[in-house]
Amino acid sequence: GLGSGQASQVTVTLLGVPGRVDYGGPQGSFIGLDQINVRIPWELGGLGVVRVVITVTIGSDVRTSNPVTLNVGGSVPPILAFPILPGAVVDGQLTYDDQIQTSGDLVYFFDAYIFTTTAANVSISFDLRSPRTGSNETPFDALLLLYELKDNQLNRVAVNDQTGGLGDGDFDVNNNALLLTVLAQPGTYVLLATTFDGTPLAVGSYTLEFKSNVIQQLTYGQSIGGNIATGDVQTSLAVFLDAYWFNAAQGDRIEVTMRSTAFDAFLFLYKNYTDPEIKFDDNSFGPAPNLDAKLTFTITESGKHLIFATPFAINVTGAYTLTLNKVSSFAPTEAAAGADQLPYVPERVVRAPEDPRGISSPYLRQGSIFDRAAQRRFVVR
(Lines give C-alpha, C1' and ligand atoms only; values in the text may rest on other atoms or scores of the structure.)
Protein backbone atom coordinates (compact mmCIF):
# COMPACT_ATOMS: atom_id res chain seq x y z
CA GLY A 1 0.00 0.00 0.00
CA LEU A 2 0.88 3.66 -0.06
CA GLY A 3 2.81 5.29 2.68
CA SER A 4 1.20 8.13 4.59
CA GLY A 5 0.23 10.94 2.25
CA GLN A 6 2.39 9.83 -0.68
CA ALA A 7 0.59 11.94 -3.29
CA SER A 8 3.76 12.10 -5.39
CA GLN A 9 3.46 8.36 -5.98
CA VAL A 10 0.02 8.68 -7.55
CA THR A 11 -1.21 10.05 -10.87
CA VAL A 12 -4.85 10.25 -11.84
CA THR A 13 -5.95 11.04 -15.39
CA LEU A 14 -9.44 11.79 -16.67
CA LEU A 15 -9.62 11.23 -20.43
CA GLY A 16 -5.85 11.40 -20.23
CA VAL A 17 -5.82 14.85 -18.59
CA PRO A 18 -3.87 14.81 -15.30
CA GLY A 19 -5.77 15.77 -12.17
CA ARG A 20 -4.09 17.35 -9.16
CA VAL A 21 -3.51 14.68 -6.50
CA ASP A 22 -3.57 16.25 -3.02
CA TYR A 23 -3.37 13.03 -1.01
CA GLY A 24 -2.63 9.36 -1.56
CA GLY A 25 -2.35 7.07 1.45
CA PRO A 26 -4.17 5.13 4.14
CA GLN A 27 -7.87 5.89 4.48
CA GLY A 28 -7.55 6.03 8.26
CA SER A 29 -10.73 4.27 9.39
CA PHE A 30 -10.43 0.98 7.51
CA ILE A 31 -7.31 -1.18 7.75
CA GLY A 32 -5.75 -1.95 4.35
CA LEU A 33 -7.83 0.65 2.52
CA ASP A 34 -6.04 3.46 0.70
CA GLN A 35 -7.57 6.79 -0.24
CA ILE A 36 -6.78 9.21 -3.04
CA ASN A 37 -7.91 12.84 -3.05
CA VAL A 38 -7.76 14.36 -6.53
CA ARG A 39 -8.99 17.64 -7.91
CA ILE A 40 -10.88 17.23 -11.20
CA PRO A 41 -9.38 19.55 -13.84
CA TRP A 42 -11.58 22.61 -14.32
CA GLU A 43 -11.41 22.27 -18.08
CA LEU A 44 -13.41 19.02 -17.84
CA GLY A 45 -16.41 20.72 -16.27
CA GLY A 46 -19.69 19.72 -17.93
CA LEU A 47 -18.05 16.98 -19.96
CA GLY A 48 -20.23 14.17 -18.62
CA VAL A 49 -18.95 10.58 -18.49
CA VAL A 50 -15.15 10.37 -18.60
CA ARG A 51 -12.63 7.53 -18.29
CA VAL A 52 -10.50 7.59 -15.13
CA VAL A 53 -7.17 5.77 -14.73
CA ILE A 54 -5.01 5.66 -11.58
CA THR A 55 -1.28 4.89 -11.65
CA VAL A 56 0.74 4.19 -8.50
CA THR A 57 4.54 4.18 -8.58
CA ILE A 58 6.55 2.77 -5.65
CA GLY A 59 10.21 2.59 -6.52
CA SER A 60 10.50 0.66 -9.77
CA ASP A 61 7.07 -0.92 -9.33
CA VAL A 62 4.41 0.78 -11.49
CA ARG A 63 0.80 -0.34 -11.19
CA THR A 64 -2.04 0.98 -13.37
CA SER A 65 -5.68 0.47 -12.49
CA ASN A 66 -8.41 -0.72 -14.77
CA PRO A 67 -10.25 2.27 -16.25
CA VAL A 68 -13.45 3.32 -14.54
CA THR A 69 -15.98 5.99 -15.54
CA LEU A 70 -16.99 9.10 -13.69
CA ASN A 71 -19.79 11.53 -14.53
CA VAL A 72 -18.44 15.09 -14.40
CA GLY A 73 -21.28 17.56 -13.95
CA GLY A 74 -21.54 21.31 -14.21
CA SER A 75 -22.03 23.65 -17.13
CA VAL A 76 -19.56 24.49 -19.86
CA PRO A 77 -18.23 28.06 -19.46
CA PRO A 78 -17.50 30.29 -22.48
CA ILE A 79 -14.16 30.07 -24.29
CA LEU A 80 -11.35 32.20 -22.96
CA ALA A 81 -9.79 33.98 -25.95
CA PHE A 82 -6.97 36.50 -26.00
CA PRO A 83 -7.22 39.56 -28.30
CA ILE A 84 -4.69 39.57 -31.14
CA LEU A 85 -3.91 42.17 -33.81
CA PRO A 86 -2.10 41.93 -37.17
CA GLY A 87 1.64 42.21 -36.68
CA ALA A 88 1.59 40.33 -33.39
CA VAL A 89 4.09 37.55 -32.63
CA VAL A 90 3.06 35.45 -29.63
CA ASP A 91 5.29 33.14 -27.59
CA GLY A 92 2.86 30.62 -26.15
CA GLN A 93 2.67 27.19 -24.61
CA LEU A 94 0.12 24.39 -24.60
CA THR A 95 -0.12 22.84 -21.13
CA TYR A 96 -2.25 20.33 -19.25
CA ASP A 97 -4.13 23.28 -17.69
CA ASP A 98 -5.29 24.66 -21.03
CA GLN A 99 -8.76 24.64 -22.51
CA ILE A 100 -9.64 21.50 -24.41
CA GLN A 101 -11.56 20.10 -27.33
CA THR A 102 -12.71 16.50 -27.46
CA SER A 103 -13.32 14.18 -30.39
CA GLY A 104 -14.89 11.00 -29.11
CA ASP A 105 -12.72 10.10 -26.13
CA LEU A 106 -9.68 12.01 -27.42
CA VAL A 107 -8.56 15.32 -25.88
CA TYR A 108 -6.74 18.22 -27.56
CA PHE A 109 -5.43 21.26 -25.68
CA PHE A 110 -5.68 24.71 -27.27
CA ASP A 111 -5.07 28.42 -26.83
CA ALA A 112 -7.66 30.75 -28.37
CA TYR A 113 -7.15 34.18 -29.96
CA ILE A 114 -9.87 36.61 -31.05
CA PHE A 115 -9.84 39.41 -33.64
CA THR A 116 -12.29 41.41 -35.76
CA THR A 117 -12.43 42.62 -39.35
CA THR A 118 -14.46 45.56 -40.63
CA ALA A 119 -14.38 45.01 -44.40
CA ALA A 120 -15.17 42.22 -46.85
CA ASN A 121 -12.44 39.99 -48.31
CA VAL A 122 -9.75 40.73 -45.76
CA SER A 123 -6.82 38.36 -46.26
CA ILE A 124 -4.87 37.01 -43.30
CA SER A 125 -2.12 34.56 -42.42
CA PHE A 126 -1.34 32.76 -39.17
CA ASP A 127 2.01 31.03 -38.81
CA LEU A 128 2.11 28.45 -35.99
CA ARG A 129 5.45 26.81 -35.21
CA SER A 130 6.39 24.45 -32.40
CA PRO A 131 10.17 24.54 -32.19
CA ARG A 132 12.36 22.28 -30.12
CA THR A 133 13.42 24.43 -27.15
CA GLY A 134 15.25 21.87 -25.04
CA SER A 135 16.96 18.51 -25.30
CA ASN A 136 13.97 16.75 -23.73
CA GLU A 137 11.21 18.58 -25.59
CA THR A 138 9.60 17.25 -28.74
CA PRO A 139 7.73 19.76 -30.92
CA PHE A 140 4.02 19.06 -31.15
CA ASP A 141 2.23 18.60 -34.49
CA ALA A 142 0.71 22.07 -34.97
CA LEU A 143 -2.86 22.64 -36.17
CA LEU A 144 -4.74 25.90 -36.75
CA LEU A 145 -8.54 26.07 -36.57
CA LEU A 146 -10.31 29.30 -37.54
CA TYR A 147 -13.92 30.02 -36.62
CA GLU A 148 -16.33 32.90 -37.12
CA LEU A 149 -18.15 33.94 -33.95
CA LYS A 150 -21.74 34.71 -34.94
CA ASP A 151 -24.91 34.64 -32.83
CA ASN A 152 -22.86 33.17 -29.99
CA GLN A 153 -21.89 30.20 -32.17
CA LEU A 154 -18.50 29.25 -33.58
CA ASN A 155 -18.69 28.32 -37.27
CA ARG A 156 -15.71 26.75 -39.11
CA VAL A 157 -13.99 29.02 -41.61
CA ALA A 158 -10.58 27.52 -42.34
CA VAL A 159 -8.17 24.84 -41.12
CA ASN A 160 -4.47 24.22 -41.68
CA ASP A 161 -2.21 21.39 -40.62
CA GLN A 162 1.09 21.33 -42.55
CA THR A 163 1.38 24.17 -45.07
CA GLY A 164 4.04 25.63 -42.77
CA GLY A 165 6.23 22.78 -43.95
CA LEU A 166 6.21 23.79 -47.62
CA GLY A 167 9.72 23.68 -48.97
CA ASP A 168 12.29 21.41 -50.51
CA GLY A 169 12.83 19.17 -47.50
CA ASP A 170 11.51 16.46 -45.21
CA PHE A 171 7.81 17.05 -44.56
CA ASP A 172 7.54 14.13 -42.18
CA VAL A 173 9.55 15.98 -39.54
CA ASN A 174 8.24 19.50 -40.23
CA ASN A 175 4.74 19.66 -38.79
CA ASN A 176 4.20 23.40 -38.59
CA ALA A 177 0.99 25.08 -39.73
CA LEU A 178 0.57 28.12 -41.98
CA LEU A 179 -3.01 29.26 -42.52
CA LEU A 180 -3.73 31.71 -45.34
CA THR A 181 -7.33 32.57 -46.13
CA VAL A 182 -9.64 35.35 -47.33
CA LEU A 183 -12.40 36.30 -44.89
CA ALA A 184 -15.44 36.99 -47.04
CA GLN A 185 -17.44 38.85 -44.41
CA PRO A 186 -16.51 41.44 -41.77
CA GLY A 187 -16.99 40.03 -38.30
CA THR A 188 -15.43 38.50 -35.21
CA TYR A 189 -13.15 35.49 -35.59
CA VAL A 190 -11.57 33.05 -33.14
CA LEU A 191 -8.34 31.19 -33.92
CA LEU A 192 -7.29 28.04 -32.07
CA ALA A 193 -3.61 27.09 -31.77
CA THR A 194 -3.82 23.35 -31.14
CA THR A 195 -2.55 19.93 -32.24
CA PHE A 196 -3.20 17.48 -35.07
CA ASP A 197 -5.79 14.66 -34.79
CA GLY A 198 -3.12 12.00 -34.40
CA THR A 199 -1.46 13.70 -31.41
CA PRO A 200 -4.04 13.97 -28.62
CA LEU A 201 -2.86 15.36 -25.26
CA ALA A 202 0.22 16.92 -26.91
CA VAL A 203 1.73 19.94 -25.15
CA GLY A 204 4.70 22.23 -25.71
CA SER A 205 5.88 25.71 -26.59
CA TYR A 206 5.04 27.55 -29.81
CA THR A 207 5.24 30.84 -31.67
CA LEU A 208 2.27 32.36 -33.49
CA GLU A 209 2.55 35.20 -36.00
CA PHE A 210 -0.47 37.10 -37.36
CA LYS A 211 -0.38 39.10 -40.62
CA SER A 212 -3.08 40.75 -42.72
CA ASN A 213 -3.36 41.94 -46.34
CA VAL A 214 -1.15 39.08 -47.51
CA ILE A 215 -3.21 37.76 -50.46
CA GLN A 216 -3.81 39.71 -53.69
CA GLN A 217 -6.97 39.27 -55.75
CA LEU A 218 -6.78 38.07 -59.35
CA THR A 219 -9.42 37.89 -62.07
CA TYR A 220 -9.58 35.75 -65.19
CA GLY A 221 -7.49 37.17 -68.01
CA GLN A 222 -5.17 39.05 -65.67
CA SER A 223 -1.38 38.97 -65.97
CA ILE A 224 0.80 40.65 -63.35
CA GLY A 225 4.45 41.20 -62.61
CA GLY A 226 5.33 39.98 -59.14
CA ASN A 227 8.40 39.93 -56.97
CA ILE A 228 9.37 37.44 -54.30
CA ALA A 229 10.94 39.56 -51.56
CA THR A 230 12.20 39.17 -48.01
CA GLY A 231 9.06 40.76 -46.56
CA ASP A 232 6.77 38.10 -48.03
CA VAL A 233 5.13 35.26 -46.16
CA GLN A 234 7.79 32.67 -45.36
CA THR A 235 7.32 29.04 -44.37
CA SER A 236 9.18 27.38 -41.52
CA LEU A 237 11.48 25.83 -44.15
CA ALA A 238 12.57 29.40 -45.07
CA VAL A 239 10.70 29.47 -48.40
CA PHE A 240 9.10 32.77 -49.47
CA LEU A 241 5.76 32.80 -51.28
CA ASP A 242 3.28 35.24 -52.79
CA ALA A 243 -0.40 34.37 -52.41
CA TYR A 244 -3.31 35.23 -54.73
CA TRP A 245 -7.03 34.55 -54.59
CA PHE A 246 -9.74 34.40 -57.24
CA ASN A 247 -13.42 33.55 -57.50
CA ALA A 248 -14.29 30.45 -59.52
CA ALA A 249 -17.43 28.57 -60.45
CA GLN A 250 -17.76 24.82 -60.51
CA GLY A 251 -16.70 23.52 -63.93
CA ASP A 252 -14.38 26.44 -64.73
CA ARG A 253 -11.27 25.27 -66.57
CA ILE A 254 -8.40 27.37 -65.25
CA GLU A 255 -4.87 27.83 -66.49
CA VAL A 256 -2.21 29.45 -64.28
CA THR A 257 1.29 30.13 -65.58
CA MET A 258 4.34 31.43 -63.76
CA ARG A 259 7.55 32.47 -65.53
CA SER A 260 10.82 33.63 -64.03
CA THR A 261 14.42 34.10 -65.12
CA ALA A 262 15.50 34.59 -61.49
CA PHE A 263 14.51 31.20 -60.06
CA ASP A 264 12.81 27.88 -60.73
CA ALA A 265 9.08 28.66 -60.48
CA PHE A 266 6.65 26.57 -58.45
CA LEU A 267 2.83 26.87 -58.25
CA PHE A 268 0.29 25.56 -55.74
CA LEU A 269 -3.50 25.62 -55.90
CA TYR A 270 -5.54 25.52 -52.67
CA LYS A 271 -9.14 25.89 -51.62
CA ASN A 272 -9.72 28.94 -49.48
CA TYR A 273 -10.53 27.00 -46.32
CA THR A 274 -8.11 24.13 -45.94
CA ASP A 275 -5.03 22.16 -46.87
CA PRO A 276 -3.65 20.01 -48.42
CA GLU A 277 -3.08 21.51 -51.84
CA ILE A 278 -5.43 20.62 -54.68
CA LYS A 279 -2.68 20.68 -57.29
CA PHE A 280 0.93 21.75 -57.72
CA ASP A 281 3.38 22.07 -60.60
CA ASP A 282 7.09 22.58 -60.91
CA ASN A 283 8.53 22.05 -64.39
CA SER A 284 5.78 21.19 -66.85
CA PHE A 285 5.83 24.50 -68.74
CA GLY A 286 8.39 26.24 -70.90
CA PRO A 287 11.54 25.23 -72.77
CA ALA A 288 14.39 23.30 -71.17
CA PRO A 289 15.56 23.51 -68.46
CA ASN A 290 11.86 23.97 -67.62
CA LEU A 291 12.10 26.68 -65.00
CA ASP A 292 8.51 27.84 -65.55
CA ALA A 293 5.37 26.37 -64.01
CA LYS A 294 1.85 25.80 -65.32
CA LEU A 295 -1.29 24.60 -63.59
CA THR A 296 -4.45 23.46 -65.36
CA PHE A 297 -7.45 22.36 -63.37
CA THR A 298 -11.21 21.97 -63.60
CA ILE A 299 -12.80 23.61 -60.57
CA THR A 300 -14.86 21.13 -58.56
CA GLU A 301 -16.38 23.50 -56.00
CA SER A 302 -17.55 27.09 -56.50
CA GLY A 303 -15.95 29.73 -54.32
CA LYS A 304 -12.63 31.37 -53.55
CA HIS A 305 -9.41 29.57 -54.43
CA LEU A 306 -5.80 30.38 -53.60
CA ILE A 307 -2.63 30.35 -55.71
CA PHE A 308 0.80 30.22 -54.07
CA ALA A 309 3.68 31.40 -56.28
CA THR A 310 7.10 30.50 -54.92
CA PRO A 311 10.72 29.65 -55.78
CA PHE A 312 10.32 26.65 -53.42
CA ALA A 313 13.92 27.12 -52.29
CA ILE A 314 15.48 28.51 -49.13
CA ASN A 315 15.62 32.33 -48.97
CA VAL A 316 15.44 32.73 -52.77
CA THR A 317 13.93 35.98 -54.11
CA GLY A 318 13.35 37.54 -57.51
CA ALA A 319 10.89 38.74 -60.14
CA TYR A 320 8.30 36.71 -62.05
CA THR A 321 5.14 37.03 -64.11
CA LEU A 322 1.87 35.29 -63.25
CA THR A 323 -1.14 34.81 -65.52
CA LEU A 324 -4.61 33.44 -64.70
CA ASN A 325 -6.96 32.43 -67.50
CA LYS A 326 -10.25 30.60 -67.86
CA VAL A 327 -10.09 28.46 -70.99
CA SER A 328 -12.76 26.72 -73.04
CA SER A 329 -10.64 23.59 -73.41
CA PHE A 330 -7.20 22.31 -72.54
CA ALA A 331 -4.35 21.63 -74.95
CA PRO A 332 -4.40 18.12 -76.47
CA THR A 333 -1.47 16.90 -74.36
CA GLU A 334 -3.13 18.21 -71.22
CA ALA A 335 -6.50 16.71 -72.12
CA ALA A 336 -4.86 13.36 -72.81
CA ALA A 337 -3.34 13.46 -69.34
CA GLY A 338 -6.74 14.16 -67.84
CA ALA A 339 -6.07 17.91 -67.54
CA ASP A 340 -6.08 17.63 -63.77
CA GLN A 341 -3.26 15.06 -63.75
CA LEU A 342 -0.46 16.72 -65.69
CA PRO A 343 2.87 14.90 -65.66
CA TYR A 344 5.06 16.05 -62.80
CA VAL A 345 8.84 15.93 -62.81
CA PRO A 346 9.77 15.07 -59.19
CA GLU A 347 12.97 17.08 -58.99
CA ARG A 348 11.90 18.75 -55.75
CA VAL A 349 10.12 16.96 -52.93
CA VAL A 350 6.49 17.87 -52.17
CA ARG A 351 4.27 16.31 -49.54
CA ALA A 352 1.60 14.19 -51.20
CA PRO A 353 -2.05 15.21 -50.63
CA GLU A 354 -2.60 11.82 -48.95
CA ASP A 355 -1.10 12.46 -45.52
CA PRO A 356 1.03 9.40 -44.63
CA ARG A 357 0.46 9.93 -40.92
CA GLY A 358 -3.16 8.80 -41.27
CA ILE A 359 -2.58 5.45 -42.94
CA SER A 360 -2.35 3.41 -39.73
CA SER A 361 -3.14 5.97 -37.04
CA PRO A 362 -5.85 4.79 -34.62
CA TYR A 363 -6.57 8.42 -33.78
CA LEU A 364 -7.39 9.74 -37.24
CA ARG A 365 -11.08 10.37 -37.88
CA GLN A 366 -12.65 9.96 -41.31
CA GLY A 367 -13.12 12.78 -43.82
CA SER A 368 -11.06 15.79 -44.84
CA ILE A 369 -9.17 17.82 -42.27
CA PHE A 370 -11.89 20.50 -42.59
CA ASP A 371 -14.64 17.95 -41.96
CA ARG A 372 -12.79 16.41 -39.05
CA ALA A 373 -12.59 19.80 -37.37
CA ALA A 374 -16.38 19.68 -37.01
CA GLN A 375 -16.03 16.57 -34.84
CA ARG A 376 -14.18 18.49 -32.14
CA ARG A 377 -16.36 19.60 -29.24
CA PHE A 378 -15.40 22.60 -27.13
CA VAL A 379 -14.97 21.87 -23.42
CA VAL A 380 -13.37 24.81 -21.63
CA ARG A 381 -13.11 26.27 -18.21
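Any value given below was found using the heavy atoms of this structure, including those in side chains, with hydrogens, waters and symmetry copies removed.
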Check: Which heavy atom in Arg129 sits nearest to a heavy atom in Gln234, and how many Å separate them?
Finding: NH2-O, 3.1 Å
Item checked: Spacing of CD1 belonging to Ile40 relative to CG belonging to Leu70, to within rounding of 0.5 Å -> 5.0 Å
Next item on the list: Ignoring hydrogens and angles, tell me if any N or O in the side chain of Tyr270 forms a donor-acceptor pair with the backbone of Tyr273 under 3.5 Å.
Entry: no
Check: Should Asp292 and Arg259 be marked as a salt bridge (charged side-chain N to carboxylate O under 4.0 Å, His left out) after you check the CA-CA gap, both sets of side-chain angles, and the distance that decides it?
Finding: CA-CA 5 Å; Asp292 300 328; Arg259 298 175 183 267; 3.7 Å; yes
Check: Is the closest side-chain heavy-atom distance between Val90 and Glu209 below 4.5 Å?
Finding: no
Note to self: For Ser205 versus Ser130, what's the shortest heavy-atom pair and its separation?
What the structure shows: O-OG, 3.1 Å
Next item on the list: Determine whether Asn325 and Gln222 make a side-chain contact, defined as any pair of heavy atoms from C-beta on separated by less than 4.5 Å.
Entry: no
Next item on the list: Mind checking side chain to side chain donor-acceptor pair (under 3.5 Å) for Asn155 and listing every partner two or more places apart, or none if nothing turns up?
Entry: none
Next item on the list: With sequence neighbours excluded, tell me which residues meet ring-ring contact (aromatic ring centres under 6.0 Å, His included) with Tyr320.
Entry: none
Item checked: Contact list for residues 219-238, test salt bridge (charged side-chain N to carboxylate O under 4.0 Å, His left out), sequence neighbours left out -> none
Checklist line | Approximate separation, where rounding is to 0.5 Å, of Leu128 CG and Leu143 CG | finding: 8.5 Å
Note to self: Can you list everything that forms a side chain to side chain donor-acceptor pair (under 3.5 Å) with Asn37? Sequence neighbours excluded, please.
What the structure shows: Gln35
Note to self: Do the side chains of Asp281 and Lys279 get close enough for a salt bridge, i.e. N-O under 4.0 angstrom?
What the structure shows: no
Item checked: Main-chain N/O of Ala319 paired to Ser260 side chain as donor or acceptor, under 3.5 Å -> yes
Check: Pairs in or reaching into residues 45-74: which pass ring pair (Phe, Tyr, Trp, His ring centres under 6.0 Å), with residues at least two apart or in two chains?
Finding: none
Checklist line | Contacts of type side-chain contact (heavy atoms from CB on, under 4.5 Å), residue Ser125, not counting sequence neighbours | finding: Leu180, Lys211, Val214, Val233
Distance-only check: which donor-acceptor pairs under 3.5 Å involve side-chain atoms of residues 111-119, not counting sequence neighbours?
{"from": "Asp111", "atom 1": "OD2", "to": "Tyr206", "atom 2": "OH", "distance (Å)": "2.5"}
{"from": "Tyr113", "atom 1": "OH", "to": "Tyr206", "atom 2": "OH", "distance (Å)": "2.6"}
{"from": "Thr117", "atom 1": "OG1", "to": "Gly187", "atom 2": "N", "distance (Å)": "3.2"}

Check: Do Ile79 and Leu154 come within less than 4.5 Å of each other through their side chains, counting heavy atoms only?
Finding: yes
Checklist line | side-chain contact (heavy atoms from CB on, under 4.5 Å) partner of Asp275, the single match among Leu306, Asp161, Leu166 | finding: Asp161
Note to self: Run the side-chain contact (heavy atoms from CB on, under 4.5 Å) test against Ala248 and tell me which residues pass, sequence neighbours left out.
What the structure shows: Tyr220, Phe246, Asp252, Ile299, His305
Notebook entry, point to check: Is atom CG of Leu33 surrounded by more than 12 heavy atoms (other residues, nucleotides or ligands) closer than 6.0 Å?
Noted result: yes
Next item on the list: Supply the atom-to-atom distance Glu255 CD to Phe297 CZ, rounded to the nearest 0.5 angstrom.
Entry: 14.5 Å
Next item on the list: Could you pull out all residues at least two apart from Arg253 that satisfy salt bridge (Lys or Arg N to Asp or Glu O under 4.0 Å)?
Entry: none
Margin query: In this structure, would Leu106 and Val53 fall into the same cluster of hydrophobic residues linked by side-chain contacts under 4.5 Å?
Written below: no
Check: Are the side chains of Leu146 and Val159 in touch, meaning some heavy atoms are under 4.5 Å apart?
Finding: no
Checklist line | Backbone of Asp91 reached by a side-chain donor or acceptor of Thr207 within 3.5 Å | finding: no
Next item on the list: Mind checking ring-ring contact (aromatic ring centres under 6.0 Å, His included) for Phe263 and listing every partner two or more places apart, or none if nothing turns up?
Entry: none
Checklist line | Interatomic spacing from CG in Asn160 to OG1 in Thr274 - rounded to 0.5 Å | finding: 7.0 Å
Notebook entry, point to check: So, Tyr108 versus Gln99: side-chain donor-acceptor pair below 3.5 Å or not?
Noted result: no
Item checked: Plane angle bin for Phe268 and Phe266 - parallel if under 30°, tilted between 30 and 60°, otherwise perpendicular -> parallel
Item checked: Under the salt bridge (Lys or Arg N to Asp or Glu O under 4.0 Å) test, residues paired with Asp61 that sit two or more places apart -> Arg63
Note to self: Within the structure provided, determine whether Ile36 and Ile54 are in side-chain contact (heavy-atom separation under 4.5 Å).
What the structure shows: yes
Margin query: Could you work out, with salt bridge (Lys or Arg N to Asp or Glu O under 4.0 Å) as the rule, every residue matching Arg156, not counting sequence neighbours?
Written below: none
Item checked: Minimal non-hydrogen separation, Leu267 against Leu295, with atom names -> CB-CD1, 3.8 Å
Notebook entry, point to check: Nearest 0.5 Å, what's the OG1-CD distance between Thr235 and Gln162?
Noted result: 12.0 Å
Note to self: Working to the nearest 0.5 angstrom, can you tell me the gap between Phe109 CZ and Gln93 CD?
What the structure shows: 12.0 Å
